[in-house]
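Some notes on the structure that comes next.
Chain naming here is simple, since letters A, B, ... match the order of the sequence lines and numbering starts at 1 in each. Below, each value reflects all heavy atoms present in this structure, side chains not excepted, and no hydrogens, waters or symmetry copies.
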Amino acid sequence: MSKLILIDGNSIIYRAFFAMPPLTNTKGLHTNAVYGFTNMLLRLIEDHKPTHMMVAFDAGKITFRHEGYQEYKGGREKTPPELSEQFPLLKELLQGFGISQFELSGYEADDIIGTVSRIAEGAGHEILVVTGDKDMLQLASNHVQVGLTRKGVTEIETYAPEQIQERYGLEPLQIIDLKGLMGDASDNIPGIPGVGEKTALKLLHQFGSVEEVLANTSELKGKMKEKIETHADDAVLSKKLATIFREVPLDKSFDEMAFDGLKEDTAGPALAKLEFKSLLERLSFKADGTASDDPKQEKAPAKEIKVEVMDADHIGELIEALGTIEALHVETNGENPHHADVIGVVFSSSEQHYYVPYELLKAEEAEPLRKWLADQDIPKRGYDLHRTDLALHWKGIAFAGASFDVQLAAYLLDPTDSNQSVHALAGKYGLQSLTADEDVFGKGAKYKVPEDEVLSKHLAAKSAAILNLIPLQERELEGNEMASLFHDLEMPLSRILADMEKQGISANKDDLTELGKEFEAQINELVKEIYEIAGTEFNLNSPKQLGEILFVNLGLPVIKKTKTGYSTDAEVLEKLAPYHDIVRLILQYRTIAKLQSTYVEGLLKEISPKTGKVHTFYRQTIAATGRLSSQYPNLQNIPIRLEEGRKIRKVFVPSEPDWYILAADYSQIELRVLAHISDDTGLKEAFLHDMDIHTKTAMDVFGVTAEEVDSNMRRSAKAVNFGIVYGISDYGLSQNLNITRKEAARFIDQYFDAFSGVRRYMDDIVKDAKRDGYVTTLLERRRYLPEINASNFNLRSFAERTAMNTPIQGTAADIIKLAMVHMDATLAEQKLKSRMLLQVHDELVFEVPEDELELMKKLVPETMEKALALSVPLKAEVSYGMNWYEAK
DNA sequence: GGATTCACG
DNA sequence: ACGTACGTGAATCCC
């Protein structure tokens, strides 16, 4: 049967451009968009085995749509030159691949596709349209599927009329009406102001079309009715603009679009010219683009995945084969791994997969499997083994020996890639595509574990993908010089974190409840007073209602606006405080209400009835800089700055009688890291003499002696130091210090004059980032900055600040992670009873028996300070007490 | 589910 | 001229 793939060339190349990090070949030409496009093409060819293909392009700037509407696509950013130069490259590549392409002056790519699909459909062909543009869903029919790119470009989501009905409750043609009502800012199609997707769908479900909506406005009321009536013409025009024209005069025959696999003799050289080495390798071409005589496995037909569902009678077979197992996958359900359900385990070798349902894993017959899982000398490779460890732990099954975690590797290879699912990774690496978990299990309330037959197949496919990803990631880690970061730091840390989380920290429920009562009394008092002054009762937690009271009823001046109305944040309220007594009360209310809801009520919910402890979950694969994050509950943001909040820390206590809480934190770790990587003489000098860094900064910036630095100067210097670490901008500093931008700019200039090494670092790191497309930390942790060369000022500036900040924040993260690994090893070696419980970015918290207190007071800061040798000393300060509050 | 606010480093 | 300080997670409101 014939299968025709029609690709919206402009839409896909745009998406690819913004989705891919910058990439240039040795001739300095940008190639990232073509690279993304090529990946997508290869994926399409593999997945769909098309017999015919065509890529359509827009031609010229003016189309027939402009005849009725001059402003069509007006106000659009002009195509960045980095992208423009890639169009000819793409067209040449398509030629090399033997894929036909088409454009026609006066028409857009979607009109050409609309026309070809109409004709081909009539001739009885199956068609897949690939685009990033939702408008094209209007083309879907029984024989036309529309594939929309998801995040990135290699993943596409296909829509037949059925899926459109599911997602929108609309027929394909009604997509045009949807656009008519909502408009499209990117094409400058107006629509009806104030009508977004939600409203438009509601209207269409009720009336069916733009025309019917307009004919029945009498059934509507209020603002909505008014808006629709005033903008009726816009809606009609917008609908017209969104309608794909399917009668383009084409003289293209179906045979011209024929595609029978990549033309080896021309595809190879085309790839070689672009210097796409990894693709050449994947497609088994030699580096010069000629066909290889040693075809790689990837080119072999997809391997059948063989899975056996184990039962008590046959489990012996798996037990015998344990020696051959190369990877495993434990499927769990639930966000919080401390309370996750375990569904089952797949044990995989490259030849065979064995699925063991959870019930069987718990059974007596599976004892050898559990022993295998618990044996830390047997290396385990899999995906999210940290979660696996915790989930199994709470089910009474021990897990040890994690040696390669695919999720963790994926995070190191690109910490900003938000989709780390096995499904996405398989797509990214061009492996056999997987069914999405969502399609197997359903999601949210509809989650349901399917029968073993379906389940085992899916999980085995996942496990096979995991197994196949490992060598690819291993090679890439090595290529990026990140193998040591992965094997010697992050993998060991992952086990340490799991241990800390299982251990948990004791929280005194009664004390917390008592504190809650105090807060409650204060809240009641404050609320009463506020209502009295306002003269009315309202929802104090609603910024909208509060704004109404402050700015309308009381007539206070508006300081700042948000997208949706008046801003009432603390910064604004501080400025309003002199005008009206109510403002102070509101600020106090906010403070106490936050403590009550987040820290008293929130924490109470998280104290385990089983252990009397809170067991947070550290996420090792979230923060773009390499930091950890903490969830369920977040123990990295327990109040400390204000005394009222700081009291919360009193409820965190040792879990054994007569033990202590001991905490140690790095002093100025980020500025010390900056001193090291910038090699700035003055900054290094300051730390070598252990000076007060903010005072030293004030001295150099203001040109005064230590004695002459007053508190105001020190405060300014402190703000400048913060700004430097964050990637300074005069605007940001001016906001922070409440001074003008000019004054802030002067401070910054003076700072850079005094610390010229820092200026050089900031300039160099931004230059490096522009050249490489990424920045690194001291331990070679990497962060890509795809927007560093953007033509949009905001995007570019953000990336530049990130380039300055990430090596600093990230190296600090590297250092404390190292300290944790060393600390864990030392505790074990010396057989100490003390336990590491928490990490708060620059602080480690332990519980310590009395007889180890003196030792730990020395050992912890010493280990932290020696974690990594820099050109300036690291300094850690230790304290201890009966609870976390006292350890200050 | 997005927006707002606020807790931490 | 442009207009954000860097990195997180949780509670709440409101559509």
task: Return the nearest nucleotide to the side chain of A:Asp569; candidates are B:dC6, C:dT8, C:dA10.
output: B:dC6
Any donor-acceptor pair under 3.5 Å from A:Tyr618 side chain to A:Ser494 backbone: no
statement: Of A:Glu518, A:Gln596, A:Gln588, the one forming a side-chain contact (heavy atoms from CB on, under 4.5 Å) with A:Ile523 is A:Gln596
- request: Ignoring the backbone of A:Asn541, work out which of C:dG9, B:dT4, C:dC13 is nearest its side chain.
  value: C:dC13
Test item: A:Glu877 side-chain N/O and A:Ala664 main-chain N/O as donor-acceptor pair under 3.5 Å: no
query: Does A:Thr564 place a side-chain N or O at less than 4.0 Å from the phosphate oxygens OP1/OP2 of B:dT4?
result: yes
query: Base, sugar-phosphate alone, or nothing: which one does A:Asp842 contact when heavy atoms must sit under 4.0 Å apart?
result: sugar-phosphate
message: So A:Phe793, base contact, sugar-phosphate only, or nothing? Heavy-atom distance under 4.0 Å.
response: base
task: First locate atom CD1 of A:Ile815, then atom CG of A:Leu778, and finally report the distance between them rounded to the nearest 0.5 Å.
output: 6.5 Å
- request: Would you mind classifying the nucleic acid contact of A:Asn637 as base, sugar-phosphate or nothing, using non-hydrogen atoms under 4.0 angstrom?
  value: base
task: Would you kindly give the CD-to-C1' distance between A:Glu670 and C:dG7, to the nearest whole Å?
output: 9 Å
- request: Compare the minimum distances between each of B:dT5, C:dT12, C:dG9 and the side chain of A:Gln631, then state the nucleotide with the smallest one.
  value: C:dG9
- prompt: For B:dT5, does either OP1 or OP2 sit under 4.0 Å from a side-chain N or O belonging to A:Thr568?
  reply: yes
field: Toward the 5' end of DNA chain C, by each residue's nearest nucleotide, A:Ser729 or A:Thr802
entry: A:Ser729
- request: Using whole Å, report how far NZ of A:Lys718 lies from P of B:dG9.
  value: 11 Å
task: Please measure how far the P atom in C:dC2 lies from the corresponding atom in B:dA7, and state the result in whole Å.
output: 32 Å
message: I want to check one thing: is the phosphate of B:dG9, taken as OP1 and OP2, less than 4.0 Å away from some side-chain N or O of A:Arg641?
response: yes
task: Look only at the side chain of A:Gln620 and the backbone of A:Glu490, and say whether a donor-acceptor pair between them is shorter than 3.5 Å.
output: yes
- prompt: Hey, does A:Ala593 reach any base, or is it just sugar-phosphate, or nothing, if we go heavy atoms under 4.0 Å?
  reply: nothing
task: Output yes when a side-chain donor or acceptor of A:Arg672 lies under 3.5 Å from a complementary backbone atom of A:Ser667, and no otherwise.
output: yes
Value rounded to 0.5 Å, distance of CG in A:Leu587 from CG in A:Asp569: 10.0 Å
query: What nucleic acid atoms does A:Gly723 come within less than 4.0 Å of, heavy atoms only: base, sugar-phosphate, or nothing?
result: base
task: Let me know the distance between CG of A:Leu595 and C1' of B:dC6, rounded to the nearest Å.
output: 10 Å
query: Okay, side chain of A:Lys817, backbone of A:Gly626: is any donor-acceptor separation there less than 3.5 Å?
result: yes
field: Atom-to-atom span, CD of A:Glu606 to P of C:dG9 - whole angstrom
entry: 14 Å
statement: Regarding the side chain of A:Lys563, the nearest nucleotide among B:dT4, B:dT5, C:dC14 is B:dT4
- line: note: A:Met182, atom CE; C:dC15, atom P; distance rounded to Å ~ 19 Å
message: Heavy atoms from C-beta onward define the side chain here; which of B:dA7, B:dT4, C:dA11 lies closest to that of A:Pro639?
response: B:dA7
- prompt: Is there a side-chain polar atom (N or O) of A:Asn539 under 4.0 Å from OP1 or OP2 of C:dC13?
  reply: yes
task: Could you measure between the two P atoms, the one in B:dC6 and the one in C:dA5, and give it in whole Å?
output: 14 Å
message: Heavy atoms only, 4.0 Å cut-off, all strands: where does A:Phe617 land among base, sugar-phosphate and nothing?
response: nothing
Those residues of residues 803-813 of chain A lying under 4.0 Å from DNA chain C by at least one heavy atom: A:Asn805, A:Gln809
- request: Considering just the side-chain nitrogens and oxygens of A:Lys544, establish if one lies under 4.0 Å of OP1 or OP2 belonging to C:dC15.
  value: yes
- request: Please check if the side chain of A:Gln631 supplies one atom and the backbone of A:Thr616 the other of a donor-acceptor pair under 3.5 Å.
  value: no
message: For C:dA5 and A:Arg801 - does any side-chain N or O of the residue sit under 4.0 Å from the phosphate oxygens OP1/OP2?
response: no
- request: Look at the side chain of A:Arg649 and the backbone N and O of A:Lys888, then say whether any donor-acceptor pair between them is shorter than 3.5 Å.
  value: no
- prompt: Which nucleotide sits closest to the side chain of A:Phe722: C:dG9, B:dG9, C:dA5?
  reply: C:dA5
- prompt: Between A:Ser542 and C:dC14, is there a side-chain N or O to OP1/OP2 distance below 4.0 Å?
  reply: yes
query: Between A:Phe755 and A:Tyr751, is the gap from one ring center to the other below 6.0 Å?
result: yes
- prompt: Which part of the nucleic acid, if any, lies within contact of A:Val840, taking any heavy atom under 4.0 Å across all strands shown: a base, the sugar-phosphate backbone alone, or nothing?
  reply: sugar-phosphate
message: By nearest atom, which of the nucleotides C:dG7, B:dT5, C:dT12 is closest to the A:Ser597 side chain?
response: C:dT12
- prompt: Which range-with-range stems can be found for DNA chain C when each stem has 3 or more Watson-Crick or G-U pairs in a row and both distances sit under 3.5 Å?
  reply: B:1-9 with C:6-14
- prompt: Once you round it to whole Å, what is the distance between P of C:dA10 and NZ of A:Lys605?
  reply: 12 Å
message: Under 4.0 Å from OP1 or OP2 of B:dC6: is there any side-chain N or O of A:Arg590 that close?
response: yes
task: May I ask you to say what A:Ile640 touches in the nucleic acid, namely base, sugar-phosphate or nothing, with a heavy-atom cut-off under 4.0 Å?
output: sugar-phosphate
field: Between P of B:dC8 and NZ of A:Lys888, the distance in whole Å
entry: 14 Å
- request: Take atom CD of A:Gln620 and atom P of C:dG7, then tell me their distance rounded to the nearest Å.
  value: 20 Å
task: Under 4.0 Å between any heavy atoms, over every strand shown, what does A:Arg783 touch: base, sugar-phosphate, or nothing? Just pick one.
output: sugar-phosphate
Partner residues of A:Phe846 under the ring pair (Phe, Tyr, Trp, His ring centres under 6.0 Å) criterion, sequence neighbours left out: none
- prompt: Counting side-chain heavy atoms from CB outward, which of B:dT5, C:dG9, C:dC2 is closest to A:Ser629?
  reply: C:dG9
- request: Describe the nucleic acid contact of A:Gln545 in one word from base, sugar-phosphate, nothing, applying a heavy-atom distance below 4.0 Å.
  value: sugar-phosphate
- request: Could you please name the option among C:dG3, B:dA3, C:dG7 that lies closest to any side-chain atom of A:Ala624?
  value: C:dG7
A:Tyr632/A:His339 aromatic ring centres below 6.0 Å: no
query: A:Lys594 side chain: which of C:dT4, C:dG9, C:dA5 is closest?
result: C:dG9
